[in-house]
Amino acid sequence: MKISKLETFCNEFVGFVRVTSDTGAQGWGQVSTYNADITCEIFHRQVARHALGTDALDFADTLELINEREHKYPGSYLRRATTGLDTALLDLRGKLEGKPVTALLGGTPGKLRAYASSMKRDITPEDEARRLCKLRDDFGFDAFKWRVGAECGRDKDEWPGRTEEIVPTVSRALGDGMAKLVDGNSCYSPKRAIEVGRLLEAEGIGHFEEPCPYWKFDWTKEVTDALSIDVTGGEQDCEFTAWETMIGMRAVDVLQPDVMYLGGMLRTLHVCRMAEKAGLPVTPHAANLSLVTMCTMHLLRAIPNAGKYLEFSIEGADYYPWQYDLFLGEPYRIEDGKATVTDAPGWGVEINPAWLETAQYKVSEV
């Protein structure tokens, strides 16, 4: 079975890929979010032309071939584009075999504990505490993440004193028995990160994500070695050389690859195996409700070193207006703080035809 047609449907934020084989079988995937229209152009120019005519079911070598043919273009955009091919082909195979993708990977359908993940920094500590407590009470979440510092903030806070206020305010409002996580988004120098880490330890927070600029592995390791809580990271890293370095020096306690940023499920599975060999858990980054979270759900049900929970964005239309009406039904329903991977074939979601009708369209075919 050969790949005969590759189509993209996109806007600035989201880009879906449809693959069609020479038998007429089809599957749906997605390039990474953000500047997805640019990524789809790269998909057609630097991915599709190498993939057309190749095996639609056994495609690991095709992914390697793309990397080799496009060796002058390593990095984020090529990986984000390749994800569209990888995820569409997995969906195609799942539909042919009548299995969810997690089963293709050796996993099983079922439930996943989710943590309610806040993306906001322009929110007061009191308002953040209020909305997280409401999610706890309404949906049964028992794990929560909120933001400290400023994104790539060079030790500056979103506003003076916010971190010192929001950490105890939110933690104490949520109460005992809750898993508590914070994200620094590359804000801090080691010295300042360790200071913040001591505050987190004192307030019962167990997960400190990306405390230092993510490319400063030695800085992050200094923080990891100094703190008793988990220091985590990896969402931005898309090349295996970075993962080899990070894992080899044990820069973090928990690895957080993003399926969409890294280049798709097969490349993410490679990182998961590297982590397993090193005895490290994997809690992937999945910061919006496009296909990335569903892919991550299928991954976590399949790997032996899955972390404690699934990242689940809690942001609504004021923050992510573009993530609405992407899919039919309720694929991201939360019950008792858990998301569910169903036994539906492929990714188990149906892309909204009305959304597709409004998208920019492009096709590459044999």
Side-chain angles (χ1 to χ4, degrees), residues 14-17 29-36 38-40 42-43 46-47 51 59-68 70-71 73-91 101-102 104-105 107 117 183 185-186 209-210 214-215 217 220 232-248 251-252 254-278 280-288 290-303 305-307 310-311 313 347:
V14 184
F16 291 113
V17 173
Q30 184 191 304
V31 301
S32 183
T33 47
Y34 315 117
N35 292 322
I38 297 173
T39 305
C40 283
I42 292 167
F43 177 86
Q46 297 183 267
V47 175
F59 60 90
D61 190 59
T62 300
L63 299 181
E64 290 297 322
L65 179 66
I66 292 167
N67 292 339
E68 292 167 10
E70 300 295 335
H71 65 276
Y73 301 92
S76 181
Y77 268 115
L78 185 60
R79 304 296 172 238
R80 288 165 180 255
T82 306
T83 295
L85 178 67
D86 169 288
T87 53
L89 290 172
L90 284 170
D91 187 59
V101 170
T102 192
L104 302 179
L105 306 178
S117 184
D183 193 343
N185 289 116
S186 293
E209 185 170 332
E210 204 174 281
Y214 72 86
W215 56 93
F217 296 146
T220 301
T232 75
E235 72 177 73
Q236 316 293 353
D237 295 289
C238 64
E239 297 298 336
F240 291 153
T241 50
W243 290 102
E244 289 165 359
T245 300
M246 189 188 316
I247 293 170
V252 295
V254 178
L255 299 177
Q256 296 187 280
D258 183 302
V259 172
M260 296 279 165
Y261 296 170
L262 186 52
M265 190 66 78
L266 297 195
R267 286 176 60 83
T268 305
L269 284 168
H270 179 73
V271 169
C272 292
R273 288 190 288 269
M274 292 168 63
E276 181 187 8
K277 187 175 180 180
L280 294 172
V282 174
T283 300
H285 175 256
N288 61 73
S290 68
L291 197 57
V292 62
T293 295
M294 187 58 64
C295 294
T296 302
M297 289 161 59
H298 283 254
L299 174 72
L300 285 172
R301 290 288 308 179
I303 60 173
N305 54 331
L310 163 78
E311 180 170 21
S313 171
W347 298 120

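Keep in mind that this is a model prediction, so the values were computed, not measured.
In this structure the side chain of Thr33 never reaches within 4.5 angstrom of the side chain of Val292, judged on heavy atoms. With contacts defined as side-chain heavy-atom distances shorter than 4.5 Å, the pair Tyr77/Gln46 does not qualify. Within the 4.5 Å cutoff, no side-chain heavy atoms of Leu85 are placed close to those of Val17. Annotation: side chain of Thr241 is not in contact with side chain of Thr245 (no heavy-atom distance under 4.5 Å). Two residues are said to be in side-chain contact when any heavy atoms from C-beta on lie closer than 4.5 Å; Ile247 and Met274 meet this criterion. Pro284 places none of its side-chain heavy atoms less than 4.5 Å from the side chain of Gln256. Counting heavy atoms from C-beta on, the side chains of Leu105 and Met265 come closer than 4.5 Å. A heavy-atom distance below 4.5 Å is found between the side chains of Val259 and Leu299.
Here the closest non-hydrogen pair linking Gly307 and Thr283 is CA-OG1, 3.4 Å. Considering every non-hydrogen atom in both Ser313 and Ala287, the closest pair reads CB-O, 3.6 Å. Closest approach of Gly15 and Cys40 over heavy atoms only: CA-SG, 4.1 Å. Nearest heavy-atom pair across Leu255 and Ala275 is CD1-CB, 3.3 Å. Nearest heavy-atom pair across Gly75 and Cys238 is C-SG, 3.7 Å. The shortest non-hydrogen separation linking Ala81 to Ile42 is CB-CG2, 3.9 Å.
For the atom pair OG1 of Thr296 and CE of Met294, the computed distance is 10.0 Å after rounding to the nearest 0.5 Å. In this structure, Trp243 CH2 and Cys272 SG are separated by 8.5 Å, a value rounded to the nearest 0.5 Å. Going from atom OG1 of Thr87 over to atom CZ of Phe16 covers 10.0 Å, rounded to the nearest 0.5 Å. Here Ile38 contributes atom CD1 and Arg80 contributes atom CZ; the two are 10.5 Å apart, rounded to the nearest 0.5 Å. Taken from CD in Gln30 to SG in Cys295, the straight-line distance is 7.0 Å, to the nearest 0.5 Å.
A side-chain donor-acceptor contact under 3.5 Å links Arg267 to the backbone of Leu262. Asn305 contributes a side-chain N or O that, together with a main-chain N or O of Leu280, makes up a donor-acceptor pair within less than 3.5 Å. Ser186 places a side-chain N or O within 3.5 Å of a backbone atom of Tyr214 that can act as its donor or acceptor partner.
Of the residues listed (Leu291, Asp86, Asn288, Thr293), the one engaging Met260 in a side-chain contact (heavy atoms from CB on, under 4.5 Å) is Leu291, and it is the only one. Test Leu65, Leu266, Ile66 against Phe59 for side-chain contact (heavy atoms from CB on, under 4.5 Å) and you get one pass: Leu266.
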If you apply the rule side chain to side chain contact (heavy atoms under 4.5 Å, CB included), what do you find for Val254 with Val282, and how did you get there? CA-CA 6 Å; Val254 178; Val282 174; over 6 Å; no
Does the side chain to side chain contact (heavy atoms under 4.5 Å, CB included) test come out yes or no for Phe43 and Thr82, once each step is laid out? CA-CA 7 Å; Phe43 177 86; Thr82 306; over 6 Å; no
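By the side chain to side chain donor-acceptor pair (under 3.5 Å) test, His285 is found to be paired with Glu235, Asp258, residues two or more places apart in sequence or in another chain being considered. Judged as a side chain to side chain donor-acceptor pair (under 3.5 Å), and not counting sequence neighbours, Thr268 has no contacts.
Applying the salt bridge (Lys or Arg N to Asp or Glu O under 4.0 Å) test to residues at least two apart or on different chains, the pairs with a partner in residues 237-247 are Arg79-Glu239.
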